[in-house]
2 protein chains.
Amino acid sequence: MPRAGLAPAAVVAAGAALADEVGFANLSMGLVAERVGVRTPSLYKHVDSLEALRRGISIQARRELGDTLVRATVGRSGPDAVRAFADAYRRWVLDHPGRYAATVRAPDLDDEEDRRAGDEALRILLDVLAGFGSPGADAIDAARALRSALHGFASLESAGGFGLPRDVDRSYRFLVETLINGLGAGGSDDSARAGDTA
Amino acid sequence: MPRAGLAPAAVVAAGAALADEVGFANLSMGLVAERVGVRTPSLYKHVDSLEALRRGISIQARRELGDTLVRATVGRSGPDAVRAFADAYRRWVLDHPGRYAATVRAPDLDDEEDRRAGDEALRILLDVLAGFGSPGADAIDAARALRSALHGFASLESAGGFGLPRDVDRSYRFLVETLINGLGAGGSDDSARAGDTA
DNA sequence: AGCTTTAAGCTAATCGAATTAGCTGACCGC
DNA sequence: GCGGTCAGCTAATTCGATTAGCTTAAAGCT
């Protein structure tokens, strides 16, 4: 038979696309094999295992997300950069639910490549936040806050977690503006506990 | 042989405990069976399938989390209630990682019981936020913002997503205070886009 | 063009986890 | 004590991941 001319990268790409369609959790070797046009066992010539394929998808997805975020934020700064970052983040997640689920897996600490793929988005995030000089606020804290909020919203939305009819776009804008407000006000350490009821 | 005296609720409870130990994703019928002291097929006398067991765990977990949050916030209001809510939320997630993962699954919309179990936490959240009368801000938006942020942080932390050495407790406090600040400042709709660079 | 080497793909087989079928005996109410 | 019900069991099925071993397309060399 004519060969399919497969390569590890092609298998990972197919897996990523499939993950977006059927869900990262429902990915199977059989599905991927069918997609690339070979029998299941043939995949093992290109990837070590389903687990390894998942890791590959995760790494690739983190890179894609990172690239997307870079492109969205270049040339912007301050609250504007945060909005661009947030919008690009959510759009990417909604467009690539399976890939996004893949990015959430904790990187394998023994794997250099895996660990690095996650760093880029973080670096961008820190750059974006460089414009917010909330006194006493650590940039890492701010980055974690932003990342947590965006990740939380995106993952709840993409899991269908928002049951109520309230417009989701609007809620997202509210979230982003709330964070921008909060970060701008410089609300980190316990000194912020003054002015409680305000 | 003497009977094990099992009941569906006991199987779900054992499954929940096991999920906390091995991870919700790694739950298997074999593991649960071993835990409750029967052979695997016997479980099917109490639960319909692994999938059904997972749903049961999810429902139970949402109820437990809801109860915990109620207990943590009764008698408090305003920013104080938000802090208590946030602290209780995170503590519960860290103590019950498997159950928490179970709560994230989108409820089955065809299942009345499933849908209801998620509502309680939301109701509490809305109550907690009643104290924040940010003009123009919809309570649902605020609830979603808070939920997203807390869920995001908790799920990243419990997935080992924070690689850096920076103290995580501190970052969490920062996140909560940032939200309190932001919500207090009333930053919802586009009118908030005034005062950009601030 | 013919020869060799490599490795992509295949079929058949193994393994493990979920689930189903059908049997047996423990406990409940009489 | 007797009968019915149902928890639990063993055996069997199914399906997906993975391994073993064969075949031959493709690439390189002479």
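None of the values given here were measured: they were computed from a predicted structure. Per chain, numbering begins at 1; letters A, B, ... match sequence-line order.
- Electrostatic pairing of B:Arg173 and B:Asp87 does not count as a salt bridge here, judged by no charged N lying under 4.0 Å from a carboxylate O.
- Below 30°, between 30° and 60°, or above 60°: for B:Trp92 and B:Tyr100 the angle between ring planes is above 60°, a perpendicular geometry.
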Within the sub-3.5 Å range, which N or O atoms of nucleotides 15-19 of chain D have a protein N or O partner, and how far apart are they?
{"from": "D:dA17", "atom 1": "OP1", "to": "A:Met29", "atom 2": "N", "distance (Å)": "3.1"}
{"from": "D:dA17", "atom 1": "OP2", "to": "A:Met29", "atom 2": "N", "distance (Å)": "3.2"}
{"from": "D:dA17", "atom 1": "OP2", "to": "A:Gly30", "atom 2": "N", "distance (Å)": "3.4"}
{"from": "D:dT18", "atom 1": "OP2", "to": "A:Tyr44", "atom 2": "OH", "distance (Å)": "2.7"}
{"from": "D:dT18", "atom 1": "OP2", "to": "A:Leu50", "atom 2": "N", "distance (Å)": "2.9"}
{"from": "D:dT18", "atom 1": "O5'", "to": "A:Tyr44", "atom 2": "OH", "distance (Å)": "3.2"}

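- For B:Ser42, a side-chain nitrogen or oxygen approaches OP1 or OP2 of D:dC9 to under 4.0 Å.
- The side chain of A:His46 lies closest to C:dG9, out of D:dG8, D:dT10, C:dG9.
- Atom CG in A:Leu43 sits roughly 12 Å away from atom P in C:dA8 (whole-Å rounding).
- One atom, CG of B:Asn26, and another, C1' of C:dA17, lie 13 Å apart when rounded to the nearest Å.
- The OG atom of B:Ser49 sits 11.5 Å away from atom CG of B:Leu43, with the distance rounded to the nearest 0.5 Å.
- Counted by atom type alone, A:Arg144 and B:Ser171 present one or more donor-acceptor pairs between their side chains at under 3.5 Å.
- No side-chain donor from either of B:Tyr172 and B:Tyr89 sits under 3.5 Å from a side-chain acceptor of the other.
- The pair A:Glu21-A:Arg35 meets the salt-bridge criterion, with a side-chain N (NZ, NE, NH1 or NH2) lying under 4.0 Å from an Asp/Glu carboxylate O.
- For the pair B:Arg39 CZ and D:dC6 P, the interatomic distance rounds to 24 Å; values are reported in whole Å.
- For the pair B:Lys45 NZ and D:dA7 C1', the interatomic distance rounds to 6 Å; values are reported in whole Å.
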